[in-house]
Engineer: 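Supplied in structure tokens, the structure appears directly below.
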Amino acid sequence: MTAPETKGNAVPQAEKLSDLFSLKGKVVVVTGASGPRGMGIEAARGCAEMGADVAITYASRKEGAEKNVAELTKEYGVKVKCYKLQIDDYSDCQRLVSDVIKDFGKIDAFIANAGATANGGVLDDSKEEWDRVVQTDLNGTAYCAKAVGPHFKERGKGSFVITASMSGHVANYPQEQTSYNVAKAGCIHMARSLANEWRGFARVNSISPGYIDTGLSDFIDQKTQDLWNSMIPLNRPGNAKELKGAYVYLVSDASSYTTGADIVIDGGYTCR
């Protein structure tokens with residue numbers, strides 16, 4: 001059964017928690033969901049588990065995205081499709097939104113998850129590397145918001161969720177990644193600012209993960225990883241599946257009174 005739709009800042013009609021969390025009949029876009037065990041695919045998986053049709057994007061790993069589409073379709077019986085997206089190109093973000101609306105009929109929620117990591121600090125890295133990280137993580141997220149925002153406004157409802165980072169709250173140690181930290185801090189404040197700008201027709205929130213074991217840090221030496229873990233009260237990195245509940249919450253009617261919020265999921269790293 002599809003739960004009644006909630007418009008703008010209205011109180012949901014649903015009463016049961018199962019209905020508030022239900023995403024049946026909804027369409028969710030998740031950018032950066034081509035990996036086998038990343039935050040993007042887990043966000044998409046969580047939405048599909050709750051009944052949503054899902055559009056996922058990839059930058060270069062088409063085979064990975066297609067594999068994820070097949071898995072989600074088979075496992076949850078929902079409609080899933082993948083799209084190539086160059087997130088640092090606004091016109092491509094516009095194309096994505098247009099294509100998804102053409103294929104699915106609408107977009108109820110957009111999870112801006114695609115991003116890039118930094119390879120060094122301001123002095124060690126090139127100007128081009130700074131531009132790459134900021135253009136992808138900050139500007140790319142803004143482009144997605146600008147592309148889907150008019151659709152939310154026209155329909156009078158929507159949820160935009162940004163994958164930020166605990167690095168938007170603290171400066172990580174020992175790695176130097178000022179460009180990434182600055183971009184993610186900008187993402188957190190973008191969510192707050194858009195929540196105000198889009199009041200009345202859409203909610204905007206962010207999630208700030210800590211060290212999550214997605215395979216991308218496997219090349220880091222064990223001594224550094226042990227140092228990271230020693231600074232985490234739970235003494236381990238997170239698993240990407242430990243984030244999907246937060247994504248589902250923020251795109252569902254269960255979070256109808258939540259906007260401009262940042263949910264930190266870092267094993268306690270930032271409470272030190």
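In what follows, every heavy atom counts, from backbone to side chain, and hydrogens, waters and symmetry copies are set aside. What you are looking at is a predicted structure, and each value in this text was computed from that prediction instead of being measured.
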Engineer: Which atoms form the tightest heavy-atom contact between Val28 and Cys47, and what is the distance?
Structural biologist: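 Closest approach of Val28 to Cys47, heavy atoms only: CG1-SG, 3.9 Å.
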Engineer: Calculate, to the nearest 0.5 Å, the distance between atoms CG and CD1 belonging to Asp262 and Ile162 respectively.
Structural biologist: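 One gets 9.5 Å once the value is rounded to the nearest 0.5 Å.
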Engineer: Whether the side chain of Asp253 engages the backbone of Ser256 through a donor-acceptor N/O pair (distance < 3.5 Å, no angle test) should be reported.
Structural biologist: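 Answer holds: no.
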Engineer: So, for Gly267 and Ile232, which heavy atoms are closest and what is the spacing to 0.1 Å?
Structural biologist: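 Shortest heavy-atom separation between Gly267 and Ile232 comes out as O-CG2, 3.4 Å.
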Engineer: Do Lys244 and Glu49 make a side-chain contact, defined as non-hydrogen atoms from C-beta onward lying under 4.5 Å apart?
Structural biologist: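 Lys244 vs Glu49: side chains touch.
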Engineer: Please determine, by modelled atom types, if Tyr143 and Asp89 share a side-chain donor-acceptor pair under 3.5 angstrom.
Structural biologist: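 Result is no, nothing qualifies.
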Engineer: Determine yes or no for a side-chain-to-main-chain donor-acceptor pair under 3.5 angstrom, with Ser208 supplying the side chain and Ser165 the backbone.
Structural biologist: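 The answer is yes, because a donor-acceptor pair under 3.5 Å joins these two groups.
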Engineer: For Glu15, give me all partners under side chain to side chain contact (heavy atoms under 4.5 Å, CB included), at least two apart in sequence or on another chain.
Structural biologist: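 Testing Glu15 for side chain to side chain contact (heavy atoms under 4.5 Å, CB included), a comparison that skips the adjacent residues, returns none.
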Engineer: With sequence neighbours excluded, tell me which residues meet side-chain hydrogen bond (donor to acceptor under 3.5 Å, both in side chains) with Lys127.
Structural biologist: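 Residues passing side-chain hydrogen bond (donor to acceptor under 3.5 Å, both in side chains) with Lys127: Asp131.
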Engineer: Is the backbone of Ser252 close enough, under 3.5 Å, to the side chain of Ser255 for a donor and an acceptor to pair up by distance?
Structural biologist: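 Yes, the answer is positive, given that a donor and an acceptor are paired below the 3.5 Å cut-off.
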Engineer: How long is the span from the CD1 atom in Ile41 to the CG atom in Asn113, to the nearest 0.5 Å?
Structural biologist: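 If we round to the nearest 0.5 Å, Ile41:CD1 and Asn113:CG are 10.5 Å apart.
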Engineer: So which atom in Ala183 and which in Val134 form the shortest heavy-atom distance, rounded to 0.1 Å?
Structural biologist: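 Residues Ala183 and Val134, closest heavy atoms: CB-CA, 4.4 Å.
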Engineer: Check whether Asn205 reaches the backbone of Ala261 with its side chain - one donor and one acceptor, N or O, closer than 3.5 Å.
Structural biologist: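 Looks like yes, one N/O pair under 3.5 Å.
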Engineer: Does atom CD (Gln222) have a neighbourhood of more than 12 heavy atoms from anything else shown, all under 6.0 Å?
Structural biologist: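 More than 12 heavy atoms, drawn from other residues, nucleotides or ligands, come within 6.0 Å of this atom.
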Engineer: When Ile, Leu, Val, Met, Phe, Trp and Tyr are grouped by side-chain heavy atoms lying under 4.5 Å apart, directly or through other members, which residues fall in the same group as Tyr180?
Structural biologist: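 Direct or chained contacts put Tyr180 with Val133.
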Engineer: Do any pairs count as a ring-ring contact (aromatic ring centres under 6.0 Å, His included) and have a residue in residues 62-81, sequence neighbours left out, and if so which ones?
Structural biologist: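 Non-adjacent pairs meeting ring-ring contact (aromatic ring centres under 6.0 Å, His included): zero.
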Engineer: Verify whether one side chain among Ser22 and Asp19 offers a donor that lies under 3.5 Å from an acceptor in the other.
Structural biologist: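 Result is no, nothing qualifies.
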Engineer: What residues, two or more places apart in sequence or in another chain, satisfy side chain to side chain contact (heavy atoms under 4.5 Å, CB included) together with Asp88?
Structural biologist: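 Asp88 satisfies side chain to side chain contact (heavy atoms under 4.5 Å, CB included) with Gln86, Gln135 once adjacent residues are dropped.
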Engineer: Is Met50 reachable from Val78 through a run of hydrophobic residues whose side-chain heavy atoms are each under 4.5 Å from the next?
Structural biologist: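 Yes; tracing contacts between hydrophobic side chains, which count when under 4.5 Å, links both residues.
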Engineer: Do Ile212 and Leu243 come within less than 4.5 Å of each other through their side chains, counting heavy atoms only?
Structural biologist: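 The answer is yes; the side chains approach within 4.5 Å.
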Engineer: Can you tell me how far the CE atom of Met39 sits from the CD1 atom of Ile265, to the nearest 0.5 Å?
Structural biologist: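 Answer for the CE-CD1 pair, Met39 versus Ile265, is 10.0 Å.
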Engineer: Please find the pair of heavy atoms, one from Gly115 and one from Asp137, that lie closest to each other, and give the distance.
Structural biologist: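 Closest pair (atom of Gly115, atom of Asp137, distance): CA-OD1, 3.0 Å.
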Engineer: Checking side chain to side chain contact (heavy atoms under 4.5 Å, CB included) against Ile111, which of Val30, Val29, Ile207, Ile56 comes through?
Structural biologist: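 Exactly one candidate clears the test, Val30.
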Engineer: Taking ILVMFWY side chains as joined if any heavy atoms are under 4.5 angstrom apart, and letting links pass through other members, which residues group with Leu123?
Structural biologist: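 Besides Leu123, the cluster holds no residue at all.
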Engineer: Using side-chain heavy atoms (C-beta onward) and a distance below 4.5 Å, is Asn9 in contact with Arg199?
Structural biologist: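 Asn9 does not reach Arg199 side chain to side chain.
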Engineer: Do NZ/NE/NH1/NH2 and the carboxylate oxygens of Lys26 and Asp53 come within less than 4.0 Å?
Structural biologist: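 Salt bridge: no.
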Engineer: Can you establish whether the number of heavy atoms outside Lys84 located under 6.0 Å from its atom NZ is more than 12?
Structural biologist: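 Yes - once you tally the heavy atoms of other residues, nucleotides and ligands closer than 6.0 Å, there are more than 12.
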Engineer: Would you say Thr259 and Arg203 are linked by a side-chain donor-acceptor pair, where the criterion is simply a distance under 3.5 Å?
Structural biologist: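 On atom types as modelled, these side chains do not qualify, holding no pair under 3.5 Å.
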Engineer: Taking the basic N atoms (NZ, or NE/NH1/NH2) and the acidic carboxylate oxygens, is any pair closer than 4.0 Å for Asp226 and Lys223?
Structural biologist: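 No.
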Engineer: Can any side-chain N or O of Thr57 pair as donor or acceptor with the backbone N or O of Gly32 at less than 3.5 Å?
Structural biologist: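 Flag set: sc Thr57 to bb Gly32 pair under 3.5 Å.
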Engineer: Please determine if Arg37 and Glu42 form a salt bridge, counting it only when a charged side-chain N lies under 4.0 Å from a carboxylate O.
Structural biologist: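 Looking at Arg37 and Glu42, the cut-off is not met.
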Engineer: Per the ring-ring contact (aromatic ring centres under 6.0 Å, His included) rule, what does the pair list look like for residues 231-272, sequence neighbours excluded?
Structural biologist: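 Of all non-adjacent pairs touching residues 231-272, those that pass ring-ring contact (aromatic ring centres under 6.0 Å, His included) are Tyr211-Tyr269.
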Engineer: Check this for me, if you would: do Arg45 and Glu75 make a salt bridge, where the nitrogen-to-carboxylate-oxygen distance has to be below 4.0 angstrom?
Structural biologist: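 No, this pair does not count.
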Engineer: Do Cys271 and Pro233 come within less than 4.5 Å of each other through their side chains, counting heavy atoms only?
Structural biologist: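 SC-SC contact between Cys271 and Pro233 confirmed.
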Engineer: Applying side chain to side chain contact (heavy atoms under 4.5 Å, CB included), can you list everything that pairs with Ser126, at least two apart in sequence or on another chain?
Structural biologist: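 Listed in chain order: Glu128, Glu129.
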Engineer: Side chains of Asn181 and Asn172: does their closest heavy-atom pair fall under 4.5 Å?
Structural biologist: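 Yes, close enough: below the 4.5 Å cut-off.
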Engineer: If you measure from CE on Met190 to OG on Ser206, what distance do you get to the nearest 0.5 Å?
Structural biologist: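 Met190 CE to Ser206 OG: 10.0 Å, rounded to 0.5 Å.
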Engineer: How far does CG of Asp99 sit from NZ of Lys81, to the nearest 0.5 angstrom?
Structural biologist: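 Answer rounded to 0.5 Å: 7.5 Å.
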Engineer: Check whether Leu20 and Val251 end up in the same hydrophobic cluster, where Ile, Leu, Val, Met, Phe, Trp and Tyr are linked by side-chain heavy atoms less than 4.5 Å apart.
Structural biologist: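 Yes, it is one cluster - the side chains of Leu20 and Val251 are joined through contacts under 4.5 Å.
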Engineer: I'd like to know if the side chain of Lys67 and the backbone of Gly35 have a donor-acceptor N/O pair within less than 3.5 Å.
Structural biologist: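 Looks like no, no N/O pair under 3.5 Å.
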Engineer: With no hydrogens and no angle check, do the side chains of Ser167 and Gln177 hold a donor and an acceptor under 3.5 Å apart?
Structural biologist: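 There is such a pair between these side chains.
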Engineer: Do the side chains of Cys187 and Leu138 get nearer than 4.5 Å, heavy atoms only?
Structural biologist: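 Leu138 reaches Cys187 side chain to side chain.
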Engineer: Indicate yes or no: at least one non-hydrogen side-chain atom of Cys82 is less than 4.5 angstrom from one of Asn68.
Structural biologist: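 Not touching, per the 4.5 Å side-chain cut-off.
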Engineer: Any donor-acceptor pair under 3.5 Å linking the side chain of Asp213 with the backbone of Pro237?
Structural biologist: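 Absent.
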Engineer: Taking Thr117's backbone N and O only, do any of them form a donor-acceptor pair with Arg132's side chain (distance below 3.5 Å, no angle check)?
Structural biologist: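 The answer is yes, because a donor-acceptor pair under 3.5 Å joins these two groups.
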Engineer: For the pair Asp125 and Ser179, evaluate side chain to side chain contact (heavy atoms under 4.5 Å, CB included) and give the outcome as yes or no after the intermediate values.
Structural biologist: CA-CA 10 Å; Asp125 257 355; Ser179 58; 5.6 Å; no
Engineer: Output every pair passing side-chain hydrogen bond (donor to acceptor under 3.5 Å, both in side chains) with a member in residues 229-241, not counting sequence neighbours, ordered by first then second residue.
Structural biologist: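 side-chain hydrogen bond (donor to acceptor under 3.5 Å, both in side chains) check on residues 229-241 returns Arg236-Glu242.
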Engineer: Going by atom types alone, do Asp266 and His169 pair a side-chain donor with an acceptor below 3.5 Å?
Structural biologist: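 No, no side-chain donor-acceptor contact under 3.5 Å.
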Engineer: So which heavy atom on Gly260 is nearest to which on Arg192, and how close?
Structural biologist: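 Closest approach of Gly260 to Arg192, heavy atoms only: O-CG, 3.6 Å.
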Engineer: Tell me every residue that passes side chain to side chain contact (heavy atoms under 4.5 Å, CB included) with Lys62, counting only those two or more places apart in sequence or in another chain.
Structural biologist: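 Side chain to side chain contact (heavy atoms under 4.5 Å, CB included) list for Lys62, sorted by chain: Tyr58, Glu66.
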Engineer: Closest approach of Gly149 and Phe201, non-hydrogen atoms and distance?
Structural biologist: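 Looking at all heavy atoms of both residues, the shortest contact is O-CE1, 3.9 Å.
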Engineer: For residues 150-158, tabulate all N or O donor-acceptor pairs below 3.5 Å that involve a side-chain atom, not counting sequence neighbours.
Structural biologist:
unit_1, atom_1, unit_2, atom_2, d
His151, NE2, Ile107, N, 3.0
Arg155, NH1, Ile107, O, 3.3
Arg155, NH1, Asp108, OD1, 3.1
Lys157, NZ, Glu5, OE1, 2.6
Lys157, NZ, Glu5, OE2, 3.3

Engineer: According to the ring-ring contact (aromatic ring centres under 6.0 Å, His included) rule, which pairs have a member within residues 106-128, sequence neighbours left out?
Structural biologist: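 Qualifying pairs: Phe110-Phe160.
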Engineer: Enter the distance from Ile263:CD1 to Thr258:OG1 here, rounded to the nearest 0.5 Å.
Structural biologist: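 If I round to the nearest 0.5 Å, the distance is 7.0 Å.
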Engineer: With side chains defined as the heavy atoms from C-beta onward, is the minimum distance between Ser193 and Trp198 less than 4.5 Å?
Structural biologist: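 In short, these two side chains do not touch, never coming nearer than 4.5 Å.
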